[in-house]
Amino acid sequence: MIVLGSNSEVAQAFVEEVLQRDGNLEKLYLFTSEPELAHKFAQHLQVKYLQESEIVMLDLTSELNFSRFERVESSLLFCAVGYLGMGSEEGLYDTKNTTRVLDINFSRLIPLLTHFAEKMERRRGGTMIVLSSVAGDRGRQSNFIYGSAKAGLTAYLSGLRNYMHHRRVHIMTVKPGFMRTKMTEGLPLNPVLTVTPSRAAANIYTAYRNKRNVIYVLPVWRLIMFVIKNIPEFIFVKLKL
Amino acid sequence: MKKNFVQKIANWGNYPVVTKNIRTADTLSAIRSFVEQHNEVIARGNGRCYGDAALAENIFSTARLNKFINFDRINGIIECESGVLLADVLDLIIKQGYFLYVTPGTKFITVGGAIASDVHGKNHHSEGCFSDYLISFKLMIEDGSVHNCSESENAQLFWSTIGGMGLTGIILSAVFKLRNIETAYIRQESIKAENLDQIFSLFEESDSWTYNVAWIDCLQTGNRIGRSILMRGEHATRNEIDAKKRETPYVIKERLLPSVPGYLPSVLLNRFTVKLFNKLYYAQQRQKKTENIVDYERFFFPLDAVGNWNRIYGKKGFIQYQMVIPKEHGRQGMQEILSAIAESGNGSFLAVLKLFGKNNPFAYNSFPMEGYTLALDFKVNLQLPTLVAQLDTIVEKYGGRIYLTKDSMSKNSLTNYLRNVENPKFVSLQHKRILNSTITSQTTHGTNSKRNRQ
């Protein structure tokens, strides 16, 4: 299994879910830009499941050369790469913030995903599970830079799924909604709309086993986003969402 | 949405509820900068202590320090970060034939919390506290440096942190010993006692059992005072469990967890319902004595089977009152305590009585001392402070003390027993409350020796 963004709590919870349900993995690659945390997680997996893993350093803000991942291969990829950045109020006119948000969530992530998609195509099989966001469903004034990057990612995944369908590679788009993680720490989240990383991981695992294409981690989000997507633009523009 | 780390927060008793700054982190540098940038910091694990102990102006949640570091499967020694729950430890070790030496009545506390409270279990009389099996831990102190603490290394920091309620620093990780078990089951005996005399002699004669605990009906009066059921247990051996269980002796049946959906109206808990509950609980065991084999969850953590059970006490919350009275005064003290409770009508349906064994003199901040300990839940209401004051007077008269992990309103003379923890950086709301009331009582006694903490 290949894990992109392996310090994300959902990614870690998902790895544990897989280990608990399916037993040990032959290979586990943990991609990260923070080696201290990845080492801690690798050790944790070793103690708890006797699972060996390999840490692969990757900083998406500086790297576009993927040739060094030549031998990294697996039939399952989980991508939890994501960067919220600053909201519109603070960060809209901050070019550095905008570039970083776009790089990590979209422009540098897409070539990386394509790199692994190609490998799966070559072996004619595999599953890619990629975390996008409900923020990509419609641009809202509060965080539309992040939202637009995620919208781009969602569109990419949709096209990739269509392309790969004929090549036996399954692409799953996950829209988490609110999750209680590092990214959302300190945000006032509605508890009814919020999941813990382990709950999210369990739901994602079930969807993966059922070969679902696009999932909202909590089904209620499908309804919420249906409503938000269908508000006519002339009304939407006046709302403060 | 703007980030705001100032949040409403309460421990398990939902009393008091405060609005404080709470953060969490998983890298050493982030934890260090939190400590450096704030004063009045306290570490908080899973928030399962009851009162104001794990609350402070600035709370560091160890929720993300949840990784295992090492497990020596041959010698039964485990190392993990401080935010790992005992439940997680048990999940990992039971399959390997190990169990925790000491566990409190819930498995949903963290390892860091177990050290800071130096928790005790049903086996204190025979096996002591959590610290008796603790090998070492890593502690971040006020300047952000990390120290390894054990009996031989930084010994003073080691002993003052044990039971030290987080006032010496932030525990980052710990190493402790595990016990061998042959099965995940307990051979249990339940014996009914009609009054205090009977339950006290039952405790005395059960001294050779590893686990002893009694549920006590605290609303009985007259010669039925102390009506109770003693439960004693031993880890079952392979031969003691039935053949079917013997195939997978470490696997127990998973239970569906019901959960209390929201805060119940607090009027549901009153003198009559508690009385009724107690009556039924006592009556459900027909014979004087029963013997059976139960899984470890049912024996150790019966309450964990109901999620969010704290909500049955309503929005205003509840307190847990746990005291210990030295053995020589145990009989008299308990008699007075139970009479006072029955008279007040403020009954508790979870009243637990135990006999503590000798304490470890090195672990000077640990709560247990040789004697009888009683733990009671009380719904918070207007009469409660009066009852607590009344109970405190009895405990004080007999030279007892109060368990800080559960305290939120007891007298400072019963709670101000920690040594070597004075530190301007790590201060909980509980500690401040206790010190402030010390100052007030000293001032009223005419002394001016105010303790200036900054």
Closest-packed option against chain B by number of heavy-atom pairs under 4.5 Å, given Asn7(A), Thr184(A), Leu37(A): Leu37(A)
CD on Glu185(A) to OG on Ser61(B), rounded to 0.5 Å: 8.0 Å
Atom group of Ile69(B) that falls short of 4.5 Å from chain A, counting heavy atoms: both
CZ (Arg199(A)) with more than 12 external heavy atoms under 6.0 Å: no
CD-CG distance between Gln7(B) and Leu187(A), expressed to the nearest 0.5 angstrom: 9.5 Å
For chain B, the option from Lys48(A), Gln43(A), Lys182(A) that forms the most heavy-atom pairs under 4.5 Å: Lys182(A)
Heavy-atom closest contact (Arg73(B) atom, Leu50(A) atom, distance): NH1-CD2, 3.7 Å
Under 4.5 Å from a heavy atom of chain B, the part of Glu89(A) involved: neither
Taking every non-hydrogen atom, the tightest pair across Glu34(A) and Thr27(B): OE2-CG2, 4.1 Å
More than 12 heavy atoms of other groups within 6.0 Å of Lys175(A) NZ: yes
Exercise: identify the closest heavy-atom pair between Lys67(B) and Phe41(A): CE-CD1, 3.7 Å
Flag if over 12 foreign heavy atoms under 6.0 Å of CG, Leu239(A): yes
Atom group of Ser88(A) that falls short of 4.5 Å from chain B, counting heavy atoms: neither
Greater than 12 external heavy atoms within 6.0 Å of Lys96(A)'s NZ: no
CD (Glu254(B)) with more than 12 external heavy atoms under 6.0 Å: no
Part of Asn66(B) within contact of chain A (heavy atom distance under 4.5 Å): backbone
For chain A, the option from Thr24(B), Leu28(B), Leu92(B) that forms the most heavy-atom pairs under 4.5 Å: Thr24(B)
Min side-chain heavy-atom separation Glu81(B)-His44(A) under 4.5 Å: no
Phe5(B), CZ atom: more than 12 neighbouring heavy atoms under 6.0 Å: yes
Interface moiety of Ile22(B) toward chain A, non-hydrogen atoms closer than 4.5 Å: backbone
Interchain contact, Glu79(B) with chain A, by part (heavy-atom threshold 4.5 Å): neither
